[in-house]
There are 2 protein chains.
Amino acid sequence: MAETRWLDDGEQQAWRAFLMAVNLLDGALDRQLRHDSGLPHAYYQILAMLSEAPKRELTMTALARLLRSSPSRLSHAAARLEGEGMIRRFKRPGDRRTTIVELTPAGLKVLEAAAPGHVHEVRRVLFDTLSREQVAQLREISESMLSVLDPQGEEPRYPDPDGIGSQD
Amino acid sequence: MAETRWLDDGEQQAWRAFLMAVNLLDGALDRQLRHDSGLPHAYYQILAMLSEAPKRELTMTALARLLRSSPSRLSHAAARLEGEGMIRRFKRPGDRRTTIVELTPAGLKVLEAAAPGHVHEVRRVLFDTLSREQVAQLREISESMLSVLDPQGEEPRYPDPDGIGSQD
DNA sequence: CCGAAATACTTGAGCGTTCAATTGTATGGC
DNA sequence: GCCATACAATTGAACGCTCAAGTATTTCGG
């Protein structure tokens, strides 16, 4: 391997600040959601994603792909969420490998109850502190990272027929 | 609570991209470090922080503060790292509540061995994809978040007497 | 000084994530 | 049609993190 090119001062400071911020951000969101709704952030995202899908259902694989989650992680999560009645799982007729996950009315209720507090927290720790310009910058930076971290990154766009909308 | 102000399109897209990116970034760093050195990213950060401290030692509380880690988390981590001989813990003479953590030569070796691969990965997924300007933007955005997430945020500056430098 | 409160850290249970292995099902080559 | 391969999802163990509770020590008010 070639000689390591260490981070210069600017990079170092950006990196450290970024790491700390992300670390704390994640903790804050998770804590707020867990406290107010009993859901970890990752589980909230599952419900949110389902709520926007046509018929509020997706295959496990599609859902995992959208959330950039491993199949295993999703499977474990689905087990809990199904046990609590927030989602339902059933095999797709015609391909018995495929499992379809559907958001139940109970799950939708939980999501809708959790959404306002969550959005409030996202605003508090992120958007309220950033200018409109910084939001655009953050988006470009994030997409830049995604181009490396997830080159295949498709982001299927639904017409959002009757999901509850921009709750995340 | 007042009517919820949902995220507008720009915010929504920035937020989603940011979430995915951070999620994948964290996974990538953790995977690389675990694979190449057996250390989770959080543990690597502990060693890195210690390596920069005077005499390569800090109290548990100071270390936790610097890493924005809970005392509990650090305590668990220290137990494992000590068990593997990478750090050493001892009581401070004069205040028997206080525990001092010291990076051992063995711990420093592990850190130095892990550093190049880690920095390479950080470059690959972050700095290589960003312009110099974007790095500055990311830093400001991060510090903006920190002002809310960690208002007390002191960042003690050591003269870096003989830590191995900018390995993180 | 004495007891209450603060400080410093540790512990154990519960939980989500990861990784590797496993099961079951569909498909493509021949 | 058959078998190897790919695909879809699940499982269980290991492990790090969180939270709440606990231990030990020090400080501080009256």
Side-chain angles (χ1 to χ4, degrees), chain A residues 22-47 57-84 87-102, chain B residues 22-47 57-84 86-101:
Chain A
V22 159
N23 211 12
L24 293 173
L25 180 87
D26 227 56
L29 291 178
D30 219 59
R31 195 152 31 253
Q32 182 273 320
L33 272 172
R34 285 186 128 105
H35 183 270
D36 290 10
S37 72
L39 288 176
H41 188 203
Y43 288 31
Y44 176 90
Q45 291 181 70
I46 292 173
L47 302 189
E57 62 179 44
L58 287 168
T59 65
M60 291 291 276
T61 299
L63 186 50
R65 188 76 202 86
L66 283 165
L67 296 168
R68 273 73 170 175
S69 162
S70 71
S72 168
R73 179 186 182 179
L74 181 57
S75 211
H76 283 297
R80 187 195 130 181
L81 290 172
E82 186 169 44
E84 290 173 347
I87 63 168
R88 201 169 72 83
R89 277 185 293 187
F90 53 91
K91 291 284 173 204
R92 162 148 70 200
D95 184 345
R96 283 183 303 181
R97 286 176 304 182
T98 307
T99 298
I100 299 198
V101 199
E102 178 196 50
Chain B
V22 159
N23 211 13
L24 293 173
L25 180 87
D26 227 56
L29 292 177
D30 219 59
R31 195 150 35 250
Q32 182 273 322
L33 271 172
R34 284 186 128 106
H35 182 270
D36 290 11
S37 72
L39 289 176
H41 188 203
Y43 287 33
Y44 176 91
Q45 291 181 71
I46 292 173
L47 300 190
E57 62 179 46
L58 287 167
T59 65
M60 291 291 277
T61 299
L63 186 49
R65 189 76 202 85
L66 284 166
L67 296 168
R68 273 72 171 177
S69 163
S70 71
S72 168
R73 180 185 180 179
L74 181 56
S75 211
H76 283 296
R80 187 194 129 179
L81 289 173
E82 186 169 44
E84 291 172 347
M86 301 185 194
I87 63 169
R88 201 169 72 82
R89 277 185 293 187
F90 53 91
K91 291 286 172 199
R92 163 147 73 201
D95 184 346
R96 285 183 303 182
R97 286 175 304 181
T98 306
T99 299
I100 300 199
V101 200

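Just so we're on the same page: letters track the sequence lines, and every chain starts at 1. Every heavy atom of this structure was used, including side-chain atoms; hydrogens, water molecules and symmetry mates were not.
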Atom of [X], atom of [Y] and distance for their closest heavy-atom approach:
X       : Y       : result
A:Met60 : A:Ala78 : CE-CB, 4.0 Å
A:Arg68 : B:Leu24 : CG-CD1, 3.7 Å
B:Arg73 : B:Ala42 : NH2-CB, 4.2 Å
A:Phe90 : A:Glu57 : CZ-OE1, 3.9 Å

For the pair made of [atom1] in [X] and [atom2] in [N], what is the distance, rounded to whole Å?
X        : N      : atom1 : atom2 : result
A:His76  : C:dT17 : NE2   : P     : 10 Å
B:Leu33  : D:dG16 : CG    : P     : 13 Å
B:Asn23  : C:dT18 : CG    : P     : 8 Å
A:Ile100 : D:dA8  : CD1   : P     : 13 Å
B:Arg96  : D:dA24 : CZ    : P     : 12 Å
A:Asp26  : C:dG16 : CG    : C1'   : 13 Å
B:Leu29  : C:dT18 : CG    : P     : 14 Å
B:Ile46  : D:dC17 : CD1   : C1'   : 12 Å

Would you kindly say whether A:Lys91 and A:Thr99 are connected by a side-chain donor-acceptor distance under 3.5 Å?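 Yes, side-chain donor-acceptor contact under 3.5 Å.
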Taking only side-chain nitrogens and oxygens of [X], does any of them come within less than 4.0 Å of OP1 or OP2 of [N]?
X       : N      : result
B:Arg97 : D:dT26 : no
B:Arg31 : C:dC19 : yes
B:Arg89 : C:dT10 : yes
B:Ser72 : D:dC19 : no
B:Arg80 : D:dG16 : yes

Looking across every strand, which nucleic acid part, if any, lies under 4.0 Å from [X] by heavy atom: base, sugar-phosphate, or nothing?
X       : value
B:Ser75 : base
B:Ala42 : sugar-phosphate
A:Ala64 : nothing
B:Asp95 : sugar-phosphate
A:Pro71 : base

Let me know, please, whether A:Thr99 or B:Ser69 comes out on the 5' side of the other along DNA chain D by nearest nucleotide.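 Final value for this comparison: A:Thr99.
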DNA chain D: 5'-proximal contact among A:Met60 and A:Gly27 (nearest heavy atom):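 Taking each residue's closest nucleotide, the earlier one in sequence belongs to A:Met60.
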Find which nucleotide of DNA chain C each of B:Thr59 and A:Tyr43 is nearest to by heavy atoms, and output the residue with the more 5' nucleotide.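 Here B:Thr59 is the residue nearer the 5' end.
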So does A:Leu58 get a backbone contact from the side chain of A:Glu102, meaning a donor-acceptor N/O pair under 3.5 Å?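 The answer is no, because no donor-acceptor pair under 3.5 Å joins these two groups.
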